[in-house]
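In the text below, chain A, chain B and the rest are named by the order of the sequence lines, each starting its count at 1.
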Protein chains: 2
Amino acid sequence: MEGIARQRILPLETLSRLPVYRQKLRQLREDGVDTVSSLELAKQLGVGDAQLRRDLSYLRLLGRPGRGYGVRHLEEGITRALGLDRRWPLAIVGCGSLGTALARYEGYARDNLVVTAIFDIDPAKVGKKVRSVTVSHIDEAPRVIAETGVELAVIAVPSSAAQHVADAMVRAGVTALLNFAPVALAVPAGVIVRQMDISAELQILAHLKIVENG
Amino acid sequence: MEGIARQRILPLETLSRLPVYRQKLRQLREDGVDTVSSLELAKQLGVGDAQLRRDLSYLRLLGRPGRGYGVRHLEEGITRALGLDRRWPLAIVGCGSLGTALARYEGYARDNLVVTAIFDIDPAKVGKKVRSVTVSHIDEAPRVIAETGVELAVIAVPSSAAQHVADAMVRAGVTALLNFAPVALAVPAGVIVRQMDISAELQILAHLKIVENG
DNA sequence: GACTGTGAATGACTTCACAGCG
DNA sequence: CGCTGTGAAGTCATTCACAGTC
């Protein structure tokens with residue numbers, strides 16, 4: 001059933017910690033630190049030192065016993081592992097207040113992520129500009145996505161439209177989706193979906209508050 | 001070292017699936033479905049049926065062998081487990097485009113989450129209204145939070161301010177934070193933090209695209 | 001016959017703990 | 001010495017598989 005075994009080089013948990021490591025390492029570099037021990041770095045990140053060393057060993061990022069790790073070395077290694085040593089054109093679908101906020105966000109650049117397309121279904125919004133990107137109608141997606149080489153799409157539309165948008169993106173050739181709508185998307189095998197659900201996170205917090213505190 | 005053993009009734013993984021289950025169950029109920037088998041529900045959610053049954057068994061939510069589970073029964077049970085059978089006043093800190101978008105979001109209501117306070121540090125924004133909530137200055141947080149009974153806060157400020165905001169919230173008595181800034185917050189024990197990092201998610205997608213596809 | 005609920009098996013990730021290097 | 005890198009052990013979550021119920 002599962003065809004050729006897919007090489008999963010990295011535990012998914014490790015992968016999801018890498019951006020956090022990377023962010024802290026950049027900060028250390030900017031502060032002029034050039035060597036750091038796993039103990040020190042782990043403490044600053046709030047993770048275990050053994051876990052940190054294990055994670056780095058998956059990436060074959062070595063330190064020097066007795067000395068620690070090179071900050072720059074780690075930062076570059078993680079950047080490469082994440083694939084951020086090249087540009088990633090990005091589409092944002094949905095130009096409501098959330099979509100617009102996501103399109104306006106300035107932090108993508110340092111991760112080599114570039115918003116190159118914005119879509120909406122409302123003709124009144126088409127033509128509007130957000131940070132030098134012109135909003136296109138969703139029907140133009142196949143053309144615009146082909147032209148700009150978009151490979152990642154962020155879905156910021158109402159729940160009722162999310163599945164349609166996902167279908168449209170997949171048809172247009174996008175195989176990685178970040179979905180803000182609180183619905184489980186159905187997508188063909190090979191398409192990667194990650195969910196970002198604000199309400200869900202708040203619900204989790206509510207539960208934790210009840211069990212941890214009063 | 002660990003004081004009184006803290007009852008962790010639920011695996012964290014289970015907990016984070018509950019909002020997803022809940023959402024699908026509401027949808028089924030609205031569609032008039034009143035009984036569903038673990039197999040059917042699991043298929044619609046894209047999870048394993050054994051996992052679903054196990055998760056429900058943690059909550060002592062029973063089905064009828066040969067019949068399935070009562071949709072309404074499950075929905076209510078999960079709502080109760082998440083603590084959403086009462087109102088949760090919510091604060092949003094940061095009234096930039098992301099903060100405003102989060103404050104404007106209409107989906108909180110069905111989860112019993114209510115935005116009752118919005119804060120910003122910019123005096124020019126204080127007094128502005130978003131969805132009938134007036135923006136307060138962050139310095140007013142202790143008073144406003146006490147008055148409105150806020151227990152959850154969403155941090156939507158620039159990275160450079162996030163730690164200060166977290167400190168201020170904790171001082172004002174908030175013990176559960178949802179942080180959109182891409183920094184690891186340091187908080188006292190007992191304060192719960194959950195991270196929502198858009199860039200991090202996109203970085204993960206980028207990596208997965210590389211290893212899964214070309 | 002259809003489906004649940006759950007021990008037992010498996011698998012995945014984390015942590016320990018220490019040999020070995022600089 | 002200090003600190004890494006990693007087998008081995010431990011912990012936690014998922015999946016199997018089936019006895020038991022409706």
Task: Base C:dG22 to side chain A:R67, donor-acceptor N/O within 3.5 Å cut-off - done: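 By the distance-only test, no, there is no pair.
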
TODO: Using a strict cut-off of less than 4.0 Å between a Lys/Arg side-chain nitrogen and an Asp/Glu carboxylate oxygen, indicate whether B:R171 and B:D167 qualify as a salt bridge.
DONE: no

Open item on the list: Quick test of your reading of the model: are B:R86 and B:E151 salt-bridged, counting only N-O distances below 4.0 Å?
Closed with: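 Salt bridge: yes.
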
In whole angstrom, give the distance that lies between atom [atom1] of [X] and atom [atom2] of [N].
X: A:L62; N: C:dG22; atom1: CG; atom2: C1'; result: 14 Å
X: B:H73; N: C:dC3; atom1: NE2; atom2: P; result: 18 Å
X: B:D49; N: C:dG5; atom1: CG; atom2: C1'; result: 12 Å
X: A:R17; N: C:dA12; atom1: CZ; atom2: C1'; result: 12 Å
X: A:L52; N: C:dT14; atom1: CG; atom2: P; result: 12 Å
X: A:Y58; N: C:dT15; atom1: OH; atom2: C1'; result: 12 Å
X: B:L41; N: C:dC3; atom1: CG; atom2: P; result: 13 Å
X: A:L10; N: C:dA12; atom1: CG; atom2: P; result: 14 Å

Reckon [X] touches a base, only the sugar-phosphate, or nothing at all at heavy-atom distances under 4.0 Å?
X: A:G48; answer: nothing
X: B:L56; answer: nothing
X: B:R60; answer: nothing
X: B:S38; answer: sugar-phosphate

Open item on the list: Quick check: do B:D111 and B:L113 have side-chain heavy atoms less than 4.5 Å from each other?
Closed with: yes

Under 3.5 Å donor-acceptor, [X] side chain and [Y] backbone:
X: B:R131; Y: B:R104; result: yes
X: A:H207; Y: B:A81; result: yes
X: A:E75; Y: A:K24; result: no

Task: Side-chain H-bond candidate by donor/acceptor type, A:D49 with A:S38, under 3.5 Å - done: no

- [ ] For A:E13 and for B:A50, find the nucleotide of DNA chain C with the closest heavy atom, then tell me which residue's nucleotide is more 5'.
- [x] B:A50

Task: Given DNA chain D, 5'-ward residue of the pair A:R54 and A:G66, judged by closest heavy atom - done: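 Closer to the 5' end of DNA chain D: A:G66.
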
Task: 5' to 3' contact window, DNA chain D with chain A (heavy-atom distance under 4.0 Å) - done: D:dG2 to D:dA8

